[in-house]
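I have placed the structure first, in the form of structure tokens, so that the comments after it can refer back to it.
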Amino acid sequence: MKQFLMAMVAMTFVPAMALSQDKTDPMKITVHAGDTALSATLDDTAAAQDFASMLPLTLTLEDYHGIEKVADLGRKLDASDSPDSYAPKGGDITQYAPWKNIAIFVAPFQASRGLVRLGEFDGDFSTLSRSGPIEVRIERAD
């Protein structure tokens, strides 16, 4: 009877453990703006993985209509598994593929064709809301 119970327990928990090991850990990044370090998490998508492969990056983010901060990435990311459009919210990290730029939204915006979500900030990102250019260094978190 004891062996039967142990076998039943093993059949119950081993598949669940195997499934949890198949999931990848979220990619954490840090966006340094002056003395402030902002934590963010990238999505588990081809575009986010492609972006992570470019890190570390130093960029100057410029205001764009008071809704987002943008900088040129120099190339389109692999958006093969991304929807055609996306409606961003404040704190989202995206790429606007037609212009090859990174776009960090400080306010929500309407769905836009060619906008590819990469991830989002984990908490307060208000440092990026100030007007004018902001130099940032984006790197994988330790």
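As the structure is a computational prediction, the values presented were derived from the model and not from experiment.
- Separation of atoms CD (Glu135) and CG (Leu59) is listed at 9.0 Å; rounding is to 0.5 Å.
- Side chain to side chain, Asp92 and Thr94 fail the donor-acceptor criterion of an N or O pair below 3.5 Å.
- When the side chains of ILVMFWY residues are joined at heavy-atom separations under 4.5 Å, either directly or via intervening members, Leu128 and Leu42 end up in a single hydrophobic cluster.
- Minimum interatomic distance between Leu115 and Tyr86 (heavy atoms only, all atoms of both residues): O-CB, 3.4 Å.
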Can you list, pair by pair, the side-chain donor-acceptor contacts under 3.5 Å of residues 64-75, counting residues two or more places apart and other chains?
| unit_1 | atom_1 | unit_2 | atom_2 | d |
| --- | --- | --- | --- | --- |
| Lys69 | NZ | Asp63 | OD1 | 2.4 |
| Lys69 | NZ | Arg130 | O | 2.8 |
| Lys69 | NZ | Gly132 | O | 2.7 |
| Asp72 | OD1 | Gly74 | N | 3.1 |
| Arg75 | NH1 | Asp50 | OD1 | 3.2 |
| Arg75 | NH1 | Asp50 | OD2 | 3.0 |
| Arg75 | NH2 | Asp50 | OD1 | 2.8 |

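- Taking every heavy atom of both residues into account, Thr45 and Arg117 meet most closely at OG1-O, 4.3 Å.
- By the salt bridge (Lys or Arg N to Asp or Glu O under 4.0 Å) test, Arg140 is found to be paired with no residue, residues two or more places apart in sequence or in another chain being considered.
- When Asp122, Ile29, Val31, Thr30 are each tested for a side chain to side chain contact (heavy atoms under 4.5 Å, CB included) with Ser39, only one passes: Asp122.
- Hydrophobic clustering (ILVMFWY, side-chain heavy atoms < 4.5 Å, transitive): Leu57 and Phe125 are in one cluster.
- Closest non-hydrogen pair, Ala47 versus Ala79, comes out as CB-CA, 4.4 Å.
- Taking each heavy atom of Leu55 and Glu139 in turn, the nearest pair found is CD1-C, 4.1 Å.
- Taking the six-membered ring where tryptophan is involved, the planes of Tyr96 and Trp99 are perpendicular, since the angle between them exceeds 60° and thus also 30°.
- Within a 6.0 Å radius of NZ in Lys100, no more than 12 heavy atoms belonging to other residues, nucleotides or ligands are found.
- Side-chain polar atoms of Ser126 and Asp124 form a donor-acceptor pair below 3.5 angstrom.
- Nearest heavy-atom pair across Ala48 and Asp43 is CB-O, 3.1 Å.
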Go through it in stages, so that I can follow the logic: the residues are Ile102 and Ile138, the test is side-chain contact (heavy atoms from CB on, under 4.5 Å), and I'd like the CA-CA distance, side-chain angles, deciding distance and then a yes or no. CA-CA 12 Å; Ile102 188 171; Ile138 307 171; 4.2 Å; yes
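- Side chains of Asp44 and Gln49: a donor-acceptor N/O pair is present below 3.5 angstrom, by distance only.
- One distance of note links CD1 of Ile93 with CZ of Phe121; it measures 4.0 Å at 0.5 Å rounding.
- Residues Pro98 and Lys76 share a closest heavy-atom pair of CA-CE, 4.4 Å.
- For CZ of Arg113, the number of neighbouring non-hydrogen atoms (other residues, nucleotides, ligands) closer than 6.0 Å is 12 at most.
- Contact of the Leu118 side chain with the Leu77 side chain is registered, since non-hydrogen atoms from C-beta on lie closer than 4.5 Å.
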